Amino acid sequence: MLIDSHAHLDMEEFNEDLETVIERAVEGGVERIITIGIDLESSIKAIDIANRYSFIYATAGVHPHDADRATDEVLTELQNLAKNKRIVAWGEIGLDFFRNRSPREKQIEAFKTQLEIAYDLDLPVIIHNREADKETIEILKAHRNGIHKGVIHCFSSDYETALTFMDMGFYISIPGVVTFTNASKLKDVAKRIPLDRMIVETDCPFLAPVPKRGKRNEPLFVTHTARVIADLRGISFEELAEITTRNSKTLYNID
Ligand SMILES: [Zn+2]
Ligand SMILES: [Zn+2]
């Protein structure tokens with residue numbers, strides 16, 4: 001059994017066949033799915049999906065791409081939504097200096113504000129960090145004495161950076177990219193970090209793992225990712241699945 005710790009089931013790529021996608025995941029051994037909000041609309045949709053399936057949970061937050069739309073009104077509405085019992089984390093939030101879809105200053109401001117909100121609500125945070133190691137670490141270290149409850153999702157930095165995040169209390173979430181032949185940096189991370197800090201995700205519909213690379217990603221495909229990581233670690237698929245499932249349950253406080 002596995003948990004897909006980060007999916008975007010509300011996205012239009014799943015409009016036609018969401019039910020079948022979810023059935024396939026369950027039949028293939030994916031026992032829980034966390035569907036992630038990226039703005040107000042998607043957080044509402046995420047809760048709606050989580051309300052329909054007992055084994056799916058939702059999150060609320062504003063993605064760095066949409067940081068310039070994280071107004072006080074939007075954040076207040078999200079805070080009210082987050083009181084829903086299907087909401088298990090705040091996010092995804094953070095910094096994306098690769099695409100820079102929102103101005104950097106706006107991203108930083110929205111990130112800091114949402115960290116405060118998450119901690120006021122006592123929710124774990126889901127951090128998106130792309131090409132922004134330095135600033136992400138600075139902000140997290142300055143916040144609450146640098147002690148956190150959360151995950152660095154779709155991890156794309158190096159092993160040393162993983163250690164820095166783990167020292168602050170974060171889990172490291174390994175995406176399907178680890179199955180790509182040229183992903184030596186991520187393979188190194190997946191091979192060396194302590195297993196009790198690791199979780200796995202699809203980030204679907206994006207970034208499908210080999211052998212589905214280039215296709216639409218879906219929760220079932222987290223099994224391919226888990227297999228590759230188990231091989232890298234020299235342990236069985238079952239053991240890797242058991243440990244990462246336990247970690248995700250602890251992180252999101254679900255059973
Ligand atoms: Zn992300
Ligand atoms: Zn995401």
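Positions are given from 1, in the same order as the sequence printed here. All values reported here derive from a predicted model rather than from experimental measurement.
The environment of N253 atom CG is sparse: at most 12 non-hydrogen atoms of other residues, nucleotides or ligands sit within 6.0 angstrom. Other residues, nucleotides and ligands contribute more than 12 heavy atoms inside 6.0 Å of the CG atom of N182.
Using cut-offs of 30° and 60° on the angle between ring planes, the pair H148 and H143 is parallel.
Ring pair F14/H8: centre-to-centre distance not below 6.0 Å.
Under the side-chain hydrogen bond (donor to acceptor under 3.5 Å, both in side chains) test applied with S173, the options E201, R197, H153 reduce to a single match, E201. When each of D122, T250, L123 is paired with K149, the side-chain contact (heavy atoms from CB on, under 4.5 Å) condition holds for D122 and for no other.
Checking N217 against T202 by side-chain atom types alone, no donor-acceptor pair falls below 3.5 Å. Between the side chains of T164 and D167, no donor N or O sits under 3.5 Å from an acceptor N or O.
Under a hydrophobic-cluster definition in which Ile, Leu, Val, Met, Phe, Trp and Tyr are linked whenever side-chain heavy atoms come within less than 4.5 Å, directly or via other members, V200 and I36 are assigned to different clusters.
For K112 and E116, the salt-bridge test fails: no basic side-chain N is under 4.0 Å from an acidic carboxylate O.
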Quiz item: Should D48 and R52 be marked as a salt bridge (charged side-chain N to carboxylate O under 4.0 Å, His left out) after you check the CA-CA gap, both sets of side-chain angles, and the distance that decides it?
Solution: CA-CA 7 Å; D48 181 51; R52 302 204 309 264; 3.0 Å; yes
Exercise. May I have the step-by-step check of side-chain contact (heavy atoms from CB on, under 4.5 Å) for L2 and T223, ending in yes or no?
Key: CA-CA 7 Å; L2 276 166; T223 51; 3.7 Å; yes
Quiz prompt | Derivation and outcome, side-chain contact (heavy atoms from CB on, under 4.5 Å), residues V125 and F170 | solution = CA-CA 9 Å; V125 284; F170 285 102; 3.9 Å; yes
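Separation of atoms CD1 (I152) and CD1 (I174) is listed at 11.5 Å; rounding is to 0.5 Å. Distance check, rounded to the nearest 0.5 Å: CD of E218 to CZ of R24 gives 4.0 Å.
Of the possible donor and acceptor atoms, none in the side chain of T136 sits under 3.5 Å from a partner among the backbone N and O of N129. With hydrogens and angles disregarded, a donor-acceptor distance shorter than 3.5 Å links the side chain of R86 to the backbone of I56. R216 contributes a side-chain N or O that, together with a main-chain N or O of E13, makes up a donor-acceptor pair within less than 3.5 Å.
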